[in-house]
2 protein chains.
Amino acid sequence: MSIKLNNYRLKGILLLFILTGISAAHAEDGYRLWLRYDAISNKSLAQSYRSAISQLVFPARNPVLDAAKKELRSGLKGLLQHQPAEVKTATGNALVIGMPQNNSLVAGAQFKTVLNGLGTDGYFIRSVATGGKNCLVIGANTDKGVLYGVFNLLRLLQTNKPIDHLNTADQPSVTYRILDHWDNLNRTVERGYAGFSIWNWHKLPEFIDPRYLDYARANASIGINGTVLNNVNANALSLTNQYLVKAAAIANALRPYGIRVYLSARFSAPIEIGGLKTADPLDPTVKKWWADKADEIYRLIPDFGGFLVKANSEGQPGPQSYGRNHADGANMLADAVAPHHGIVMWRAFVYDNNVPDDRAKQAYNEFKPLDGQFRSNVIIQVKNGAIDFQPREPFHPLFGAMPKTALMLELQITQEYLGFSTHLVYEAPLVKECLDADTYSAGKGSTVVKVLTGKMNPDLITGIAGVANIGTDMNWCGHPFAQANWYAFGRLAWNPAQTSTAIADDWLRMTFSNSQTFVADVKKFMLQSRENTVNYMTPLGLHHIMAATGHYGPGPWDNNLSRADWNPIYYHKADANGIGFDRTTQGSNAVGQYAPQVRDAFNNLAACPDIYLLWFHHLPWNYKMRSGETLWNELVDHYYRGVDSVRAMQQIWNRMGTYVDSERFTEVQQLMNIQLNEATRWRDACVQYFQTFSNMPIPAKYPRPLHPLQYYKDQRFNFVPGTGGSN
Amino acid sequence: MSIKLNNYRLKGILLLFILTGISAAHAEDGYRLWLRYDAISNKSLAQSYRSAISQLVFPARNPVLDAAKKELRSGLKGLLQHQPAEVKTATGNALVIGMPQNNSLVAGAQFKTVLNGLGTDGYFIRSVATGGKNCLVIGANTDKGVLYGVFNLLRLLQTNKPIDHLNTADQPSVTYRILDHWDNLNRTVERGYAGFSIWNWHKLPEFIDPRYLDYARANASIGINGTVLNNVNANALSLTNQYLVKAAAIANALRPYGIRVYLSARFSAPIEIGGLKTADPLDPTVKKWWADKADEIYRLIPDFGGFLVKANSEGQPGPQSYGRNHADGANMLADAVAPHHGIVMWRAFVYDNNVPDDRAKQAYNEFKPLDGQFRSNVIIQVKNGAIDFQPREPFHPLFGAMPKTALMLELQITQEYLGFSTHLVYEAPLVKECLDADTYSAGKGSTVVKVLTGKMNPDLITGIAGVANIGTDMNWCGHPFAQANWYAFGRLAWNPAQTSTAIADDWLRMTFSNSQTFVADVKKFMLQSRENTVNYMTPLGLHHIMAATGHYGPGPWDNNLSRADWNPIYYHKADANGIGFDRTTQGSNAVGQYAPQVRDAFNNLAACPDIYLLWFHHLPWNYKMRSGETLWNELVDHYYRGVDSVRAMQQIWNRMGTYVDSERFTEVQQLMNIQLNEATRWRDACVQYFQTFSNMPIPAKYPRPLHPLQYYKDQRFNFVPGTGGSN
C-alpha cells in the first residue's frame with residue numbers, strides 16, 4: 001500500500017481513526033464468547049505472526065472449507081490487523097492449508113504418514129522450511145479436519161503461543177461429540193438458566209437467526225460435531241413434517257461447520273402423531289412407521305445424525321410399557337436409521353415404576369443384563385454418576401460393566417445442581433474426576449476414559465454428550481464464566497487427556513486477557529470453584545439435598561414429592577444416630593455394582609475417600625474423621641469453608657478491574673454477590689437442619705447463622721427458571 | 001494534539017487503524033436501535049458540526065444530568081469522531097447546556113420567556129451569537145428537560161440537519177407517556193413476539209442487566225417517562241415485598257433517564273397476598289391494606305408512578321364482584337397512592353359477564369355514566385377503538401363522551417393483530433387516524449387529540465400508553481422495522497401533531513442511512529404498509545376475523561370459543577344475504593354512542609366511509625360500491641391488492657442492499673418472505689371462506705388461490721408465540 005498524503009491530512013485522518021478506534025468499541029456483552037479476535041496487544045508478537053503469515057494458500061471450494069476460510073480471514077484481520085496476500089503457490093512465508101486432494105504440498109510424501117493416522121476429523125499443523133521460505137502447513141484428510149485445524153491455529157494466536165516450530169497432529173478421541181438441548185418447542189428450556197431456547201421455531205424455516213451461525217462457529221471451534229435440538233422429555237410434534245422442515249433449516253445452517261442435527265424421539269410418537277394403536281417395538285406396523293419416518297427425515301436432512309431417547313423414565317413412555325426391554329426399543333429405532341448411517345443414543349437414566357431400595361442401583365440393574373444385545377449403531381448414554389449430575393458423585397457403575405455395549409458419557413453443562421447461572425463453578429475438574437476414575441473392569445488402569453474412547457473394545461462406537469447451558473441471554477450462558485463450561489466440555493470431548501488447568505488457561509486468554517497476573521489469579525479460583533461449591537452445598541459425599549421443587553437452593557428437609565427417591569431425606573438419611581446412605585455390603589450393597597477392587601475401596605471405611613464418605617456410609621455424628629475431628633465438626637467446617645472461599649474469590653476478582661472491560665467486570669461482581677448470599681443460605685440452612693439431629697453445637701470459632709432454620713424453611717421462590725412451560 | 005512521528009511509523013499506524021476500522025465493526029444485530037451514533041459519512045457536514053461544537057459548557061451534578069452528558073459525549077464521539085473541549089465559560093463556538101439554576105447564560109433575561117412556557121419536561125435549543133462566537137444553547141427548567149434537549153440535538157446530528165440557526169422550543173403534549181409491558185413473572189410475554197421478558201426477576205435485585213440501561217436510553221430519547229413492568233393480567237405476587245425489592249432495583253436503574261416505574265395491580269391482591277377475606281373497595285380493612293401497601297412501595301420506590309388496573313374483564317377480579325362500580329374501585333386505589341402523588345390508570349377494556357348484543361358498546365355503557373365520579377388522580381385508559389386493537393377501527397366512542405374524566409389513549413405497539421413480528425407494518429398512520437378523528441363532542445374540531453391533551457378540559461391529567469413490543473430478541477422487537485413502532489409511539493406521545501412521514505424519515509435516517517434514495521423509497525412503503533395489511537387481513541371495515549386461538553393468521557370460520565363475542569363469526573356475520581355488522585340505528589345502534597354528527601356519518605350509507613363500511617353495515621354481496629363494483633368484487637380486490645403490495649415492497653427492499661448492512665438487509669428479506677406467505681394465506685382463506693356465502697366467482701383477472709379452503713381450515717399451528725405460560 002502506498003500512502004501519499006500531506007502531513008496535515010495524514011494527521012487528521014490518523015486522529016479520526018484513533019477516535020474511531022475508541023468509539024467503535026461495542027459494549028462487551030459477552031456475545032462473542034471465546035472467539036473475540038481483538039487485536040493482539042503485544043506488538044512485536046503480532047508483528048512476528050504477520051511476517052510468518054504473509055501469504056495464504058487456501059483453496060476452498062465447498063461450504064465447510066469456505067466457512068473455515070471465512071473464520072481464518074476474520075480471525076487474522078482482528079488479531080493481526082492483517083490480511084495475508086492470497087496466492088496459488090507460496091513465494092514467501094506462507095500459511096498453506098488443504099487436503100491431499102486439493103493441495104500439492106499437503107499431498108507430498110512428507111505428510112503421508114501423519115495423514116494416515118488422522119482419520120476423518122484430525123489435522124496436522126507443521127512448520128516446514130522449503131526453498132528459503134518458511135511455511136506453516138495445516139493438512140487434513142477432510143474438509144472438517146481443515147476446519148478444526150484452522151480453529152486450532154487461531155487459538156494459538158489468541159493465546160499468544162509461538163508458531164514458528166509447530167509439529168502438531170491432533171484428532172478427536174471419540175466420534176460423537178454432542179450437545180443435548182433440553183429445549184422445548186415453546187422455547188422454554190428445562191434446566192435452562194440463560195434465558196430461553198435459541199431455536200425460534202415460529203420463524204423457521206424462513207428466518208435464520210444469525211445466532212445459529214455463531215452457535216455453529218463456537219461449537220466447531222471446540223470440536224463439537226452434533227446437536228440434539230429438542231428436550232429428551234420430548235414432544236412427538238417435533239417429528240411431524242411441519243417441524244422437520246424447520247429442523248432441516250437449522251441443519252442447513254449448521255452443516256458448513258461440521259455439525260449434524262439429531263432429534264429426541266418420543267417413543268409413543270407412532271400413536272400420538274402416527275395414528276397407530278400401539279408403540280410396541282416388536283409390532284410390524286410400528287417398525288414400519290419408524291422406518292418411514294426415518295426415510296422422511298433423511299429426505300429433508302441427508303446427514304441427520306439420529307435419535308436420542310429417554311424411555312421408561314420419569315413418566316416418559318418406552319418399550320417396557322409393552323413388556324419389552326430397552327434393547328428391543330433401541331434396536332427397533334436403530335434399524336430404522338441404520339440404512340442412512342444414523343445412530344440411536346439411548347439413555348440409561350431410567351426410573352422403575354416401583355421405588356427401589358436404592359435409587360443409585362437402578363440403571364445398572366436394568367442395563368447390565370442387556371450387555372451384548374444392542375445393535376452396533378446404538379450407544380447407551382450414561383450419566384457421570386448414578387444419581388443425577390450432583391456436585392459430586394462417584395463414577396457410574398455401568399462404566400466398565402458392559403464390555404460388549406457402546407457407552408457414551410452424559411454430562412450436564414447447565415448448572416442444575418451447581419447454582420444455576422449465578423454461581424461461578426468451573427466444571428472441568430468434575431468431568432476429569434469421572435474420566436480418570438479407574439473402573440478396574442479389566443484390571444488396574446481400566447479408566448472411564450478408556451471405556452469411552454474405545455480402548456477397551458475398539459469395535460464399539462464412541463461419544464460424549466453434554467446438556468447445553470445455552471440460551472437467549474446476550475452472553476449465551478447467563479454467567480460470563482459459565483461460557484467456560486461449554487468451552488471445557490468441547491475441549492474434553494475432543495481430548496479427555498487435557499488438563500483442567502490447560503483448558504482454563506486457554507479459555508481465560510481467549511475470553512478475557514493474556515495478562516499473566518490475570519490468568520494466574522483467576523485460573524486459580526476457577527480450578528478451586530467446584531470444590532468450593534461442593535463444600536457449601538454437599539460436602540463429604542452428601543447429595544440430592546437441594547429444594548425438591550425447582551432444585552433452587554437448599555432443601556434437606558423436603559419430603560413431599562410423590563416418589564420417595566425424589567426427596568432429599570431419602571438421600572441424606574440424617575437421624576439421631578448419624579447421617580449418610582449406607583450403600584455398603586451391609587446396606588443397599590450398591591458397592592457391589594463396582595469391580596471388586598473398587599467395591600472394597602468404597603465399602604471399607606478405612607479406604608473410602610472422605611469425598612465419598614456419606615455417599616456410601618451412614619456414620620454417627622461423633623464419628624472420628626481422619627483429621628481427628630468429629631464428623632459433625634468436619635461437616636460444619638466444610639460448609640463454612642465453602643462460604644469463605646466465595647469471599648476469597650470475590651477479593652481476587654475485585655482486583656481484576658484493570659484487566660477486564662467494565663461491563664463484564666461488573667456483571668461478575670454482581671453475580672458473585674448473589675453467589676455469596678446463596679452459599680451462605682446453603683450453609684446456614686444445612687448446618688442448622690442437620691443440627692436438629694446431631695444436637696451438637698456449631699463450634700464457637702464460626703460466626704452464627706444469619707437467620708434461624710425456620711426462616712430458611714419458610715422461604716418460597718416463585719418462577720424458578722428452568723422449570724416452566726409445557727414442552 | 002501534536003503528532004511527532006516519522007513518516008514510516010505514521011503510515012504503519014494509519015494502516016493499523018484502517019484495518020481496525022474494518023474489523024472492529026460489530027455484527028449489525030440491531031441492538032443499538034436508532035441510537036447508533038456511527039460516524040457521519042458526509043465529511044464536510046461533520047466538519048461543520050465539529051466547528052460549531054468546539055467547546056462544551058455542561059455542568060452536570062446529578063444522575064439525570066450525568067446520564068444526559070454521558071449520552072452526549074458518546075453521541076458526539078461516534079457521530080463527529082470528536083470530543084469538544086469542556087470549559088466553564090465559552091471562549092469559542094460552544095454548546096452550552098443547562099438550567100437557570102446552574103448556568104448563567106441560560107439564566108439570562110433573553111431566555112426568561114421561553115423557559116416560562118416550557119413546563120417541567122420542555123427544553124429550548126437556540127443559536128446565539130455573543131462576543132464574536134456562536135453558541136448553541138440547550139436550556140430547560142429541569143434536568144429532565146435537559147435530557148430531552150440533548151437527545152433532540154443528537155437526533156438533529158444523526159439526521160444531518162442544519163444546526164446553525166436553531167430556535168426550537170419543545171415540550172410534551174401529555175404528562176404521562178407510558179409503555180405497558182404485558183410481561184409475566186415467568187418471563188413469558190402476553191402478545192409478545194420478540195422473545196421473552198427483558199425483566200430477569202430471578203437475578204434481581206442484585207443483577208442489573210445492562211439491557212435495562214439501554215432500554216432506558218432508548219425510551220428517554222423519544223420522551224417516554226414511565227413503564228408498567230408487569231402484565232395487566234396481573235399476578236398479585238408482584239406486590240409482595242420479595243418482588244417490590246426487585247422492582248425497586250429496576251426503578252433505580254431507570255431513574256437517571258427520567259423514567260418512573262408503575263405496576264399492574266391485581267384487584268384481589270388483598271385476599272391473595274394480604275390474607276383478607278374480601279377485596280371490596282368500600283371495606284375499611286381493604287382500604288387500609290392498599291394504603292399500607294402503597295406506603296411500603298413508596299418506601300422502596302420514592303418516585304413510584306402508580307397502578308395500572310384491568311378489572312372485571314376477561315376473568316380478572318374487580319369491584320363489580322362486590323356490587324361496586326369502576327369508580328369505587330379506582331378511587332379506593334387512587335386514595336392509597338394520592339399522598340405520594342401517584343396515579344391510577346384504570347382500563348376501560350371491560351367484559352360484562354353476559355355476552356352483549358354488541359361487544360363494541362360495552363365500555364361506553366359501563367363508563368359513560370360514571371363521568372365526573374373519578375378522583376383527580378385517576379385516568380381511564382381507553383383503547384383507540386371499541387373492539388381490540390384491530391388493523392383498523394373507528395375511534396372509541398368514549399373519547400369526547402366523558403368531559404369531566406381524564407382519559408388516556410391505550411395503543412398496542414406489539415402487533416397482536418398486525419402479523420406479529422414477521423409483518424412489516426408501520427403503525428404511525430393507524431395512531432394518527434385515531435388522534436385526528438373528530439369526536440364533535442363540543443362541536444367541529446373536537447378531535448381525539450384535543451381530548452387527550454387536555455384542550456377540552458385543562459383540569460384533567462393527560463397521558464398516552466402503548467403496549468410494548470419489546471423482548472429479549474437481540475434487536476429488541478423481533479423485526480428490524482418493528483423498532484419503528486416503538487419509536488413512533490414515543491414521538492407521537494410527546495407530540496401528536498407530528499406527521500407519520502416526518503417520524504419515519506427521522507427513524508430511517510437514524511436506524512439505517514441518510515441516503516436520499518433509501519429514505520424516500522423505504523419511507524414510501526412504510527407509510528403504505530398499514531393499509532396493505534388492512535387489505536390482506538380485514539378490508540372495508542371487517543374486523544376480528546383472525547384465528548380464535550393465538551390470533552395467528554386468518555380464522556373467519558372460527559366459532560368454538562366459549563363466549564360468542566370472542567369468535568370471528570360474531571363479528572363478520574357473513575351469510576347468504578351479505579356481510580358486516582349492523583351497528584346502525586336499525587341494528588345494534590352502536591352509532592348512537594357517538595356525537596350526532598359522527599353518528600349520522602357512520603349511520604348513513606351514503607356518508608359512511610368505505611374503510612368503515614362493514615363495521616357499521618350489513619350489506620348484500622352485490623351491493624353497489626362507490627367504485628361501481630359489487631361489494632364482493634371490491635372485497636376480493638382488496639385482498640389481492642394487499643398481497644400484491646407486499647410483493648411490491650419486496651421489490652423495493654431488494655434494491656436497498658447497497659444502503660444497508662448485509663445482516664439487517666437479509667433479515668428483512670427473510671421476514672418479507674414470511675409476510676408474503678402469510679398475506680397470501682389470509683387472502684386465500686378469507687376470499688374462499690366468504691365465497692361459501694356469496695356464491696360469486698373470484699373474477700378471472702386474479703390468480704387462483706394456492707390451496708382450497710379446507711387446506712387453510714385444517715392448518716394447525718402449535719406454540720404460537722405470545723400466548724404461553726402462566727403469569
Side-chain angles (χ1 to χ4, degrees), chain A residues 1 3 7 10-11 13-27 29 31 37 39 74 77-78 81-83 185-188 193 195-196 201-203 206-208 210-211 214 237 242 420-422 472-474 478 663 667 670-671 673-674 677 716 718-721 724-726, chain B residues 1 3 7 10-11 13-27 29 31 37 39 74 77-78 81-83 185-188 193 195-196 201-203 206-208 210-211 214 237 242 420-422 472-474 478 663 667 670-671 673-674 677 716 718-721 724-726:
Chain A
M1 175 172 174
I3 298 177
N7 241 0
L10 200 52
K11 282 178 193 168
I13 292 174
L14 178 56
L15 182 62
L16 188 77
F17 276 108
I18 290 170
L19 287 159
T20 314
I22 303 165
S23 82
H26 199 277
D29 55 25
Y31 181 80
Y37 303 146
S74 108
K77 195 168 66 175
Q81 305 291 311
H82 166 70
Q83 284 293 20
L185 298 179
N186 70 358
R187 299 190 70 181
T188 57
Y193 311 105
F196 294 81
W201 296 105
H202 179 70
K203 284 183 175 165
E206 293 93 342
F207 184 75
I208 302 301
R211 205 161 187 149
D214 291 317
L237 282 174
Q242 188 179 27
F420 294 10
S421 61
T422 50
T472 51
D473 276 5
M474 296 285 273
E663 289 92 340
E667 272 191 55
Q670 293 177 344
L671 292 167
N673 281 333
I674 300 179
N677 291 342
R716 290 291 170 275
N718 303 286
F719 307 112
V720 169
S726 61
Chain B
M1 176 172 175
I3 299 179
N7 240 1
L10 200 52
K11 282 177 193 171
I13 292 174
L14 179 57
L15 182 61
L16 187 75
F17 277 107
I18 290 171
L19 286 159
T20 314
I22 302 166
S23 80
H26 199 274
D29 55 24
Y31 181 80
Y37 305 145
S74 109
K77 194 167 68 176
Q81 305 291 308
H82 167 70
Q83 285 292 20
L185 297 180
N186 70 359
R187 299 190 71 180
T188 58
Y193 311 106
F196 293 81
W201 295 106
H202 180 69
K203 284 184 175 164
E206 294 93 342
F207 185 75
I208 302 301
R211 208 163 184 146
D214 290 318
L237 283 174
Q242 188 178 28
F420 293 10
S421 62
T422 51
T472 51
D473 276 5
M474 295 285 273
E663 289 92 340
E667 273 191 54
Q670 292 177 343
L671 292 167
N673 282 333
I674 301 179
N677 291 343
R716 290 291 170 276
N718 303 287
F719 306 111
V720 169
S726 61

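Every chain is numbered from 1 and lettered A, B, ... according to where its sequence line falls, protein lines coming before strand lines. Note that the structure is predicted; figures quoted are calculated from it, not measured.
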(request) Among the options Thr422(A), Leu237(A), Asn673(A), pick out the one with the most heavy-atom pairs lying under 4.5 Å from chain B. (result) Leu237(A)
(request) Over 60° means perpendicular and under 30° means parallel, so classify the ring planes of Phe420(B) and His202(A), tilted if in between. (result) tilted
Chain B contact via [X] - side chain, backbone, both or neither, heavy atoms under 4.5 Å:
X: Gln242(A); answer: side chain
X: Arg716(A); answer: backbone
X: Asp214(A); answer: neither

(request) Measure from the side-chain N and O atoms of Gln670(B) to the backbone N and O of Ile208(A), and report whether any donor-acceptor pair falls under 3.5 Å. (result) yes
(request) Answer yes or no: is there a side-chain heavy-atom contact under 4.5 Å between Glu206(B) and Asn677(A)? (result) yes
(request) Decide yes or no for Lys203(A) and Ser421(B): does some side-chain heavy atom of the first lie under 4.5 Å from some side-chain heavy atom of the second? (result) yes
(message) Ignoring hydrogens, what is the shortest heavy-atom contact between Asn186(A) and Phe196(B)? Give both atom names and the distance.
(response) O-CZ, 3.8 Å
How long is the span from the [atom1] atom in [X] to the [atom2] atom in [Y], to the nearest 0.5 Å?
X: Asp29(B); Y: Arg211(A); atom1: CG; atom2: CZ; value: 9.5 Å
X: Arg187(B); Y: Thr188(A); atom1: CZ; atom2: OG1; value: 13.0 Å
X: Met474(B); Y: Thr472(A); atom1: CE; atom2: OG1; value: 10.5 Å

